[in-house]
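See structure below.
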Amino acid sequence: MPVAGVVPAQHPKRAAAELLVRNAKVFTGDPGRPEARALAIRGGRVVAVGDDHDLASLVGPATKVIDALGRRVIPGLNDSHLHVIRGGLNYVLELRWDGVSTLRQALAMLREQAGRTPKGQWIRVVGGWTAEQFAERRMPTVAELNAAAPDTPVFVLHLYQSALMNRAAVRAAAFTRETPDPRGGQIVRGRDGEPNGVLLAAPGALILYSTLAKAPALDEADKRTSTRHFLRELNRFGLTSAVDAAGGFQNFPDNYATVIDLARAGELSLRIAYHLFPQTAGQEIADLKRWTEAVKPGDGDEWLRFNGAGENLTWAAADFENFSEPRPELAEDYEAEFEQAVRLLLENGWGFRLHATYDETIRRDLAVFERLAAEGLFPGSNRWLFDHAETVSDRSLDRIAALGGAVSVQNRMSFQGTAFVDRYGAEAASRTPPVRAMLDRGLTVAAGTDATRVSSYNPWVALHWLVTGRTVGGAALYPATNLIDRETALGLYTRGGAELTGEQDVKGVLREGYYGDLAILSDDYLTVPEAAIPGIESVLTVVGGRIVYASAEYEGLDEVMPPLRPAWSPVAHFGGYQSAGTRQALLVADVAAESEDLRLWRAARGLAPATPLPFLDPCITY
C-alpha cells in the first residue's frame, strides 16, 4: 500500500549466485563477521555473506540452493602436511585400519580380503592406526597374520616403528638368512637365522618403505582412479586443500604426473600445493639446482601449485621420529652440505620446509640460518618453516620468530604419545609439541596429520588432539596450559595452511572475494562433547563452488566418480576410514564371531552339540 513520502528502497541488481547455502550456522573465520546464516558463491568465489533474507535476491533460475538445515558450516579444512600425492597413487591397494576399534575386527577384515586378493598381489595395511586404538591394546602377531592369510603376502606397517609380514610376504620380498640388515634397520630372525616376519626401524624407516616398495604397483590408469577416490575420501571429512610435503619414494616429475594430469583435466577435487624432495643421498644439491632452473614457487594455478622444497633438503640433516628408539645422532658435519642447499634455495627465491623432530636438530639448523642472516638472506621474502618440532625449546622458538619462520604441527603424538612417554617421561611429553608457546610468540602455526603412513588422514582426529591433548587410546598428554580452544584449533586447520602457501588473502576464511571452499558438518564442532569430535564428517563439501562430496540428505548432488578399480580393492569393500556406521556393522560381525567361538568351545567340552541345531521358533508349530 503506497504511503505518502515513502519511496521503496532501490536494491542494485546483482548477478545471481551459482550456489547459495542458507539456513546455516556459518562460522566464517572472519573476525569482522564471525557468524552468518547464509553465503553465496559465483565464479568459484564467495560473493556475499549474511542472513537468509539479505541473500535472497541472489537466487536466480539456475542457482543451486542448499538448505543446511541448521547445521554448522565452516571454511574448508586445509591439511598443512599431508602426503596426498603418494597416498593417492596407492589408496585403492590398501586395507585401512583407520578407526577400527578392535584387533578382532582388523584381523577379520584381513582374512576376508585374503579371500579376494588375486595371486601375485599383496595385502597392505599402511599407517593410520596404532595398537592403542584397539580394545585389546596390542598389535597382531605374525602367527595371526599367517592364520588369516596363509598364501597371500601381508605387510602391516605400524607407525615409523616396525612392520609385520606373514610367511608369504617374507618369500615375496626375497628375505633369507643371507639378507643383510640395511643401515638403520633390522630384519628380526628366529633361532634358525631365518627372518621371522618382523622388521624394525632402528631408528630409520627406510627398511619399512623399501620393503613396501617391492609390492606390485598400479598401472597409470588405475593410479588416476585411485587418486580421485582418495581425494573424494578427504573431501568426506571437509578437506578442500592440502599441502603435499613430498617424501621418500616420491620422484619428481614421474610420481607427480597423475595429479598434473587430473589438474589439466579439471578433475581435482582438492587444492594441492606441492613440494619437491631430493630422493638420492649424495645428489641433493644437483637435484635442487636443476629444479630451481625449471620451476619457481607459485607456478601453477589455484588447484595445483608449486610451493617450494622439502620436507628434506639433504638426507644427512633429517632426524627420524621413531619414539620407540633413542633420538638419532646426526653426522657431526652435515651443516656444510645443508648450508649449501639452503643458500641455493634462498638465492633463487625458493621457500622450503624442514622435517625436524627434535630440538637438537632444530638448534643446529638455526645456527646455519643465523650465519646466512648475517649476509641478509634471513628474514627474506621466502616462506620457510619447520615441520613437526615435537621437542622444540622456548629458546629455539624465539630464534625461529626472529628469522621469520613458521611451524607446521601434526598429531603424531596422538598415535605415538604413549611410546614417547615410555621413553622420555610424562613431563617431557606435556609440551610435545608446545603449540601454545608457539602461538604466544606470534608465530604462524598450521596443523595437519602427516598421513598416511603414521597418523590417519582424518582431520577431526587431529583437531580432537589439539583441543583435548589426548591420544587415540585416551591417554592425556598435556596440561591446560598447552591446550587451545576449538576456534583457535580450527584456525590452524584453515588460515594456518593458507599462510604457509601465501594464499591467506584468498583461502581459509568465508569472506567476499575468497575461494568458495566450505563444509557442512554432520555435527557442530563448536558445541559437541569433546569425545564426539573425532566422529565428525562433512555431509556436503564444496570447493570453488563445486559440490565434491555429498551424503545424508544431499546424497547424489556431488560429481559422478569413475568406478573404483581394481574390483578386488580393499577400499571397494571396506571403504577408507571406518566411520561409526561401518564400525557398527563390523561390531555385529564381531559379536557373531564371538558367539561362534563360544559354541565351538562348548562343543569341544561336550557341553553343546558338535553341529549347530536347526533354527526353531517356539511360536510356530505345524
Side-chain angles (χ1 to χ4, degrees), residues 27-30 74-85 87 231 234-235 237-247 259 268-275 297-298 300-308 310-311 351-355 382-389 405-412 433 435 438-439 442-452 455 457-463 465-467 484 486-511 514-519 525 538 541-544 548:
F27 175 80
T28 66
D30 181 358
I74 62 168
L77 299 179
N78 184 349
D79 190 320
S80 68
H81 186 121
L82 177 65
H83 297 281
V84 60
I85 294 174
L231 300 186
L234 298 176
N235 298 148
F237 295 100
L239 280 162
T240 59
S241 291
V243 188
D244 186 90
V259 291
L268 289 178
S269 64
L270 188 85
R271 304 184 193 275
I272 299 173
Y274 65 91
H275 287 76
D301 58 22
E302 63 189 56
W303 287 95
L304 182 67
R305 66 199 304 271
F306 174 56
N307 199 52
E311 61 180 295
F352 58 88
R353 64 191 310 158
L354 286 172
H355 169 109
N382 307 290
R383 291 181 298 275
W384 73 272
L385 64 134
F386 280 114
D387 277 308
H388 317 312
V407 184
S408 175
V409 297
Q410 298 79 41
N411 64 313
R412 304 192 306 183
V435 177
M438 297 173 186
L439 293 171
L443 284 167
T444 293
V445 183
T449 59
D450 199 12
T452 58
S455 304
Y457 50 75
N458 183 345
W460 300 103
V461 175
L463 283 160
W465 165 75
L466 285 167
V467 169
I484 57 179
R486 300 189 195 197
E487 290 189 10
T488 300
L490 187 59
L492 303 191
Y493 241 102
T494 52
R495 297 188 304 276
E499 289 174 3
L500 295 189
T501 58
E503 297 174 283
Q504 64 272 14
D505 294 332
V506 292
K507 187 189 288 188
V509 177
L510 293 174
R511 178 192 292 163
Y514 281 57
Y515 293 153
D517 300 352
L518 62 88
Y525 161 71
S538 173
T541 304
V542 175
V543 187
V548 296

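Numbers here simply count residues along the sequence, with the first being 1.
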Do the non-hydrogen side-chain atoms of [X] and [Y] ever get within less than 4.5 Å of each other?
{"X": "T494", "Y": "I74", "result": "no"}
{"X": "S80", "Y": "Y493", "result": "no"}
{"X": "R511", "Y": "T28", "result": "no"}

For this session: Among V543, L304, D79, V84, find the one that has a side chain to side chain contact (heavy atoms under 4.5 Å, CB included) with L270.
Result: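 Testing L270 for a side chain to side chain contact (heavy atoms under 4.5 Å, CB included) against V543, L304, D79, V84 leaves exactly one candidate, V84.
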
Give a yes or no answer on whether the side chain of [X] reaches the backbone of [Y] with a donor-acceptor pair at less than 3.5 Å.
{"X": "R353", "Y": "H275", "answer": "no"}
{"X": "H81", "Y": "A447", "answer": "no"}
{"X": "N235", "Y": "G238", "answer": "no"}

Problem set entry | Over all atoms of both residues, closest heavy-atom pair of V407 and L385 |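 What the structure gives for the nearest pair is N-CB, 4.3 Å.
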
Problem set entry | For the student: nearest non-hydrogen atoms of N78 and L239, plus distance |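 Closest approach of N78 to L239: N-CD2, 4.0 Å.
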
For this session: Could you name each residue pair satisfying side chain to side chain donor-acceptor pair (under 3.5 Å) that touches residues 238-247, not counting sequence neighbours?
Result: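 Residue pairs passing side chain to side chain donor-acceptor pair (under 3.5 Å), neighbours aside: S241-K507, D244-Q250.
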
For this session: Check the side chains of N307 and T501 for a donor-acceptor pair under 3.5 angstrom, ignoring hydrogens and angles.
Result: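 N307 and T501 do not have a side-chain donor-acceptor pair below 3.5 Å.
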
Exercise. Should the pair H388 and H355 be assigned to parallel (<30°), tilted (30 to 60°) or perpendicular (>60°) ring geometry?
Worked result: perpendicular

